[in-house]
Amino acid sequence: MQKMTIRMTLAAAGMIIATIAPATVSAHVGLEQKQATVGASYKAVFKVPHGCSGSPTQKVIVQIPEGVIGVKPMPKPGWTLTIERGPYEKSYKFYHGSMLSEGVRTVTWTGGPLADEHYDEFILSSFVAGELPADTAIYFPVTQECEKGELKWAEIPASGQDPHDLKAPAPALNLVAHEGGHGSHAHGQAADASEIKVGDLIIEKPWSRTTPPGASVGVGYLKIRNMGGTPDTLLGANAASAERVEVHESSEKDGIARMRKLANGLDLPAKEAVELKPGSFHLMLMGLSEPITSDKKLPIELHFKNAGKVTVEFDVSPIGEAKSGSGHAHHH
């Protein structure tokens, strides 16, 4: 496999290779979000709750399962990030009609040390290929190396076996089908940006703005029509290019602009349309890992209370331009 190393700091501690039975600890390395939609982005957060029988953690190694593609790990201050690339067993559909036949297969964070009495998270963004079957589970084997000993969280339950019976289970991710039914999204591509239907909702004209190099935040706008007789809620969103995506509202009073996070999401009344637009409701992309550019679309996974999840490709306009719900309009 081809290796690429990102050096954050120099990790100087040596490793003592020994094996400590995982049964001696009370909690295992696991995923924060244990469910993902096939054909959509997924942010994997691995929780490390303890060391090896009291010994500090110095290395965390994550094996990427087949069908999890487009992996981008998040660097951690004080840790060295190592990426091992290799071929997939087959080619998978990705964004913009592209096909991926190779990618990241192993991610290793080395450094710390992370004391036994402390907790930390190790994060990577990814895409769950639409070719993977829904209503199944995939597994991320994790090795946790410490100053003294190591723990291998790699056990996978046999057919019909209760995962709770395992002493050192690999973090499991349950795959679910796209709530909106069939279409290009269910086959590994994001939904088309012109108009998307998910449940009783119709999403129109999603767009974003370019960001300058080094910018840490971006925005997303769209119109949502609730065609059903039941209210729904835009709970939040997720994007592979951002640490988190929040629903915000901008307002102005006495000449002072204000912005607040909608902690309970954005209400979508029945038989009404709600528009996220400049100076009003919008999606705020926080902690961008790369600039938003106009040469490619911006995929964002929207989370609705009733309609479920859908990944939408946002058109990107240069700074100073905007789009209206009925077409393109330029404002300066």
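Residue numbers start at 1 and run along the sequence shown. Side-chain atoms are counted along with the backbone in the values below, which use heavy atoms only and exclude waters and symmetry mates.
Side chain of Asp267 to backbone of Pro269: no donor-acceptor contact under 3.5 angstrom is found. Judged by distance alone, with hydrogens and angles left aside, the side-chain atoms of Thr136 form a donor-acceptor pair with the main-chain N or O of Pro133 at under 3.5 Å. Side chain of Lys205 to main chain of Trp207: no donor-acceptor pair is present (N/O by atom type, distance under 3.5 Å, no hydrogens or angles). Listed for the Glu275 side chain is no donor-acceptor partner under 3.5 Å among the backbone atoms of Ser280. Judged by distance alone, the side chain of Thr211 and the main-chain N or O of Ile292 form a donor-acceptor pair under 3.5 Å. The backbone N or O of Pro231 lies less than 3.5 Å from a partner atom in the side chain of Asn306, making a donor-acceptor pair. Between the side chain of Asp232 and the backbone N or O of Ala307, at least one donor-acceptor pair lies under 3.5 Å. Under the 3.5 Å distance criterion, the side-chain polar atoms of Glu155 are matched with a main-chain donor or acceptor of Lys167. Distance alone, capped at 3.5 Å, is enough to place a donor-acceptor pair between the Arg105 side chain and the Pro87 backbone. In this structure a side-chain-to-backbone donor-acceptor pair under 3.5 Å is present from Glu66 to Glu89.
The aromatic rings of Phe94 and Phe127 sit perpendicular to each other, their planes meeting at more than 60°, with 30° as the lower class boundary. Using cut-offs of 30° and 60° on the angle between ring planes, the pair Trp153 and His28 is tilted.
Side-chain heavy atoms closer than 4.5 Å link hydrophobic residues (I, L, V, M, F, W, Y) into clusters, and following such links, possibly through other members, connects Ile203 to Leu262. A continuous path of hydrophobic side-chain contacts links Leu132 to Val104 [ILVMFWY only; heavy atoms under 4.5 Å]. Hydrophobic clustering keeps Leu235 apart from Leu268 (ILVMFWY residues linked when any side-chain heavy atoms are closer than 4.5 Å, directly or through intermediates). Under the 4.5 Å side-chain contact rule for hydrophobic residues, Val48 and Met74 do not share a cluster. Side-chain heavy atoms closer than 4.5 Å link hydrophobic residues (I, L, V, M, F, W, Y) into clusters, and following such links, possibly through other members, connects Val312 to Phe281.
Contact detail for Asn238 and Ser41: the closest heavy-atom pair is ND2-OG, 3.8 Å. Listed here is the closest heavy atom pair of Ala134 and Ala177: CB-N, 3.5 Å. The two residues Glu102 and Arg85 come nearest to each other via the heavy atoms O-NH2, 4.2 Å. Between Gln33 and Tyr42, the shortest heavy-atom contact is O-OH, 2.5 Å. Minimum heavy-atom separation, Ile300 to Ala239: CG1-CB, 4.3 Å. A pairwise comparison of heavy atoms in Leu31 and Ala172 identifies CD1-O, 3.6 Å as the closest pair.
Between Lys43 atom NZ and Leu124 atom CG the span is 10.5 Å, to the nearest 0.5 Å. Annotation: the span from Leu151 atom CG to Cys52 atom SG amounts to 4.0 Å, rounded to 0.5 Å. Between atom CD of residue Glu145 and atom NZ of residue Lys59 there is a gap of 4.5 Å, rounded to the nearest 0.5 Å. With rounding to the nearest 0.5 Å, the separation of OG in Ser208 from CD in Glu313 is 13.0 Å. Between atom OH of residue Tyr139 and atom CD1 of residue Ile156 there is a gap of 7.0 Å, rounded to the nearest 0.5 Å. For the atom pair NZ (Lys47) and CD (Glu32), the distance works out to 6.5 Å, reported to the nearest 0.5 Å.
Counting only heavy atoms from C-beta outward, the side chains of Lys72 and Glu290 approach each other to under 4.5 Å. Proximity of His118 to Asp116: side-chain heavy atoms (C-beta onward) are nowhere separated by under 4.5 Å. Using a 4.5 Å cut-off on side-chain heavy atoms (C-beta onward), Thr293 and Val316 make no contact. Contact of the Arg225 side chain with the Glu204 side chain is registered, since non-hydrogen atoms from C-beta on lie closer than 4.5 Å. Considering only heavy atoms from C-beta on, Ile202 stays 4.5 Å or farther from Ile224 through its side chain. You'll find the side chain of Trp79 reaches within 4.5 Å of the side chain of Leu114, heavy atoms only. Looking at heavy atoms from C-beta onward, Leu266 lies in side-chain contact with Val274 at the 4.5 angstrom threshold. Using a 4.5 Å cut-off on side-chain heavy atoms (C-beta onward), Leu283 and Leu276 make contact.
The 12-atom threshold is not exceeded at CG of Asn264, counting heavy atoms of other residues, nucleotides or ligands nearer than 6.0 Å. Remark: Met99 CE is packed, more than 12 non-hydrogen atoms of other residues, nucleotides or ligands lying under 6.0 Å away.
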For Val128 and Thr37, run side chain to side chain contact (heavy atoms under 4.5 Å, CB included): C-alpha distance rounded to whole Å, both residues' side-chain angles, the deciding distance at 0.1 Å, then the answer.
CA-CA 7 Å; Val128 180; Thr37 303; over 6 Å; no
### Task
Give the C-alpha distance, both sets of side-chain angles, the deciding distance and a yes or no for side chain to side chain contact (heavy atoms under 4.5 Å, CB included) between Gln144 and Glu150.
CA-CA 6 Å; Gln144 181 182 356; Glu150 68 176 23; over 6 Å; no
Note to self: Between Leu175 and Ile138, is the side chain to side chain contact (heavy atoms under 4.5 Å, CB included) condition met? List the steps.
What the structure shows: CA-CA 8 Å; Leu175 305 182; Ile138 56 177; 4.0 Å; yes
* Begin with the C-alpha distance, continue with both residues' side-chain angles, and end with the deciding distance and a verdict on side chain to side chain contact (heavy atoms under 4.5 Å, CB included) for Phe304 and Leu201. => CA-CA 9 Å; Phe304 297 100; Leu201 306 178; 3.4 Å; yes
Does the salt bridge (charged side-chain N to carboxylate O under 4.0 Å, His left out) test come out yes or no for Glu249 and Arg260, once each step is laid out? CA-CA 5 Å; Glu249 180 183 17; Arg260 68 184 182 96; 2.9 Å; yes
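Lys76 forms a cation-pi arrangement with Phe122, by the criterion of a distance under 6.0 Å to the ring centre and an angle within 45° of the ring axis.
For the residue pair Glu147 / Ser55, no side-chain donor-acceptor distance below 3.5 Å is found, with atom types taken as modelled. A donor-acceptor contact closer than 3.5 angstrom is absent between the side chains of Glu117 and Tyr119. Residues Tyr221 and Arg209 have side chains that bring a donor and an acceptor to within less than 3.5 angstrom of each other.
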